[in-house]
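Note on naming: letters A, B, ... go to the chains in the order of the sequence lines (proteins, then strands), and numbering restarts at 1 for each one.
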There are 2 protein chains.
Amino acid sequence: MSAAATAGPLAEPPAARRRAEKNRTRERILDAAVVAFAEQGYEGTSLATVAQSVGLSQPGVLHHFRSKRGLLMAVLERRDQIDRIRFGMDSVDGRDVLDHLADLMTHNATVPGMVQSFSVLTGESAAENHTAHDHFTRRYAGLRSHFAKMLTGAQERGEIRPEADCAAAATEIIAMMDGLQLQWLHAPQEVDMVTVFRSFLDRLRADPNET
Amino acid sequence: MSAAATAGPLAEPPAARRRAEKNRTRERILDAAVVAFAEQGYEGTSLATVAQSVGLSQPGVLHHFRSKRGLLMAVLERRDQIDRIRFGMDSVDGRDVLDHLADLMTHNATVPGMVQSFSVLTGESAAENHTAHDHFTRRYAGLRSHFAKMLTGAQERGEIRPEADCAAAATEIIAMMDGLQLQWLHAPQEVDMVTVFRSFLDRLRADPNET
DNA sequence: GTCTATAAGGCGATAGAC
DNA sequence: GTCTATCGCCTTATAGAC
């Protein structure tokens with residue numbers, strides 16, 4: 001019999017399990033932070049409100065993230081990881097790239113809290129002094145280059161108008177998504193961002209009657 | 001001789017002049033607030049920094065605006081007034097409406113501080129609790145209806161593709177402007193928002209070879 | 001019209017007990 | 001790993017002198 005088994009039900013849980021528990025708390029804090037940033041923005045959010053919504057004290061939150069800035073960075077990094085999975089898969093299979101983009105917008109329409117959180121953070125980060133300014137600058141540059149590559153491939157397959165400039169189109173598509181989300185967040189029942197986005201994409205699409 | 005002239009150089013200036021002086025101070029505070037909001041956002045800005053940049057004490061600023069919220073509202077109202085003049089004129093003369101929109105973007109590229117200030121405020125205001133949320137909701141609704149009217153007129157004059165949905169196009173154009181400005185603010189030397197905006201507008205333009 | 005002084009409270013972060 | 005207590009600072013807004 002191992003030492004742990006001998007110790008009985010009062011024994012310390014194994015290290016692996018304790019680590020998992022800690023990570024679960026971390027995740028709960030991150031989720032709460034996303035909600036708080038959506039409702040108040042980063043500057044408008046206090047660690048105390050995040051702490052309260054996960055049932056911890058304010059120093060309890062700072063045990064998991066060394067500072068408020070650290071919490072924001074963790075939120076942004078986790079989002080980038082999810083993006084890498086989602087966007088990475090988009091370019092693999094054989095479906096129409098523009099349909100994929102429309103699907104992405106359709107998905108976004110089902111998670112308004114996420115969209116609101118990152119729209120507010122993106123706007124705040126336009127201020128050069130903002131903690132997340134550089135992060136969003138890098139994010140935009142990465143998105144533009146990834147989208148441009150995807151669109152070039154689609155153009156070679158005849159999915160996109162042959163005269164289109166794919167780098168410019170990448171910038172346009174990202175701008176349209178961000179801008180539509182802003183209007184949708186301000187008037188969800190008035191702005192049908194999925195339909196408008198589709199009609200925008202359709203003007204980029206190659207005419208099926210040609211070639 | 002009037003009473004004022006008799007009183008000599010130590011006399012009180014006439015009421016009209018004192019009012020003008022006060023208004024000039026108000027304007028200086030408003031200008032400083034726009035700059036501060038651009039650099040820090042509304043939530044990140046303190047009245048003390050605005051006060052310092054116009055050479056007043058913090059209560060000195062609150063003498064002109066009853067609260068921080070009041071200062072923000074005054075900034076937004078002044079912007080709306082300028083917009084009303086600019087957009088009101090656009091629809092009057094006979095020039096191409098899409099060219100006017102491109103000119104607007106060209107103008108915006110020369111006033112990055114303004115663009116930054118209102119982009120940050122728009123993003124912050126996507127949070128439903130934000131002080132300016134309702135203001136931006138109304139602003140967006142007004143812009144959409146004004147743009148849709150302008151575009152319908154242009155479509156009747158044959159400037160815009162006859163199959164285009166003008167209400168959707170209005171939403172698209174506003175979204176593209178907001179979105180391009182966000183990317184441009186994060187990387188002004190990488191994103192040529194005027195050129196990209198022009199190529200976007202060109203796809204809305206009626207084909208000159210038809211009709 | 002602008003100031004100084006101050007009220008009244010929120011903030012992020014740290015120290016140290018358990 | 002989480003708490004309580006606390007430090008030190010910053011915030012908006014008001015009261016009252018000049």
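- Residue pairs satisfying the ring-ring contact (aromatic ring centres under 6.0 Å, His included) criterion with at least one member in residues 52-85 of chain B, sequence neighbours excluded, are absent.
- One interatomic measurement links the two molecules: CD of A:Gln40 to P of C:dG10, which rounds to 14 Å at whole-angstrom precision.
- For the residue pair B:Ser117/B:Glu39, the side-chain donor-acceptor check at 3.5 Å is not satisfied.
- Look at CZ on B:Arg19: it is 11 Å from P on C:dG1, rounded to the nearest Å.
- The residue B:Thr49 sits apart from the nucleic acid: no heavy atom pair falls under 4.0 Å.
- A straight line from CD of A:Gln52 to P of D:dT2 spans 17 Å, rounded to a whole angstrom.
- Side-chain atoms of B:Thr122 and A:His186 include no donor-acceptor pair closer than 3.5 Å.
- The CG-C1' distance, from B:Leu72 to D:dA13, rounds to 17 Å in whole Å.
- Between A:Ser57 and D:dT2 there is no side-chain polar atom (N or O) within less than 4.0 angstrom of OP1 or OP2.
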Set out, line by line, the N/O atom pairs under 3.5 Å between protein and nucleotides 13-17 of chain C.
unit_1: C:dA13; atom_1: OP2; unit_2: A:Lys68; atom_2: N; d: 2.9
unit_1: C:dA13; atom_1: N7; unit_2: A:Gln58; atom_2: OE1; d: 3.4
unit_1: C:dA13; atom_1: N7; unit_2: A:Gln58; atom_2: NE2; d: 3.0
unit_1: C:dA13; atom_1: N6; unit_2: A:Gln58; atom_2: OE1; d: 3.2

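- The closest donor-acceptor contact from the side chain of A:Thr45 to the backbone of A:Gln40 lies at 3.5 Å or more, if one exists at all.
- Across all strands shown, A:Gly55 has heavy atoms under 4.0 Å from sugar-phosphate atoms exclusively, and none from any base.
- When rounded to the nearest whole Å, the span between CD of B:Glu43 and C1' of D:dC10 equals 15 Å.
- Of the side-chain N and O atoms in B:His63, none sit less than 4.0 angstrom from OP1 or OP2 of C:dC3.
- Of the charged side-chain nitrogens involved, none lies within less than 4.0 Å of a carboxylate oxygen, so that A:Arg203 and B:Asp202 do not count as a salt-bridged pair.
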Practice item. Could you please spell out the steps behind the side-chain hydrogen bond (donor to acceptor under 3.5 Å, both in side chains) verdict for B:Arg144 and A:Gln183? Key: CA-CA 10 Å; B:Arg144 278 194 299 268; A:Gln183 288 185 66; 2.9 Å; yes
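- Between the CZ atom of B:Phe65 and the P atom of D:dT12 there is a distance of 15 Å, given to the nearest Å.
- Look at A:Ser46 and you'll find a side-chain N or O under 4.0 angstrom from OP1 or OP2 of C:dC11.
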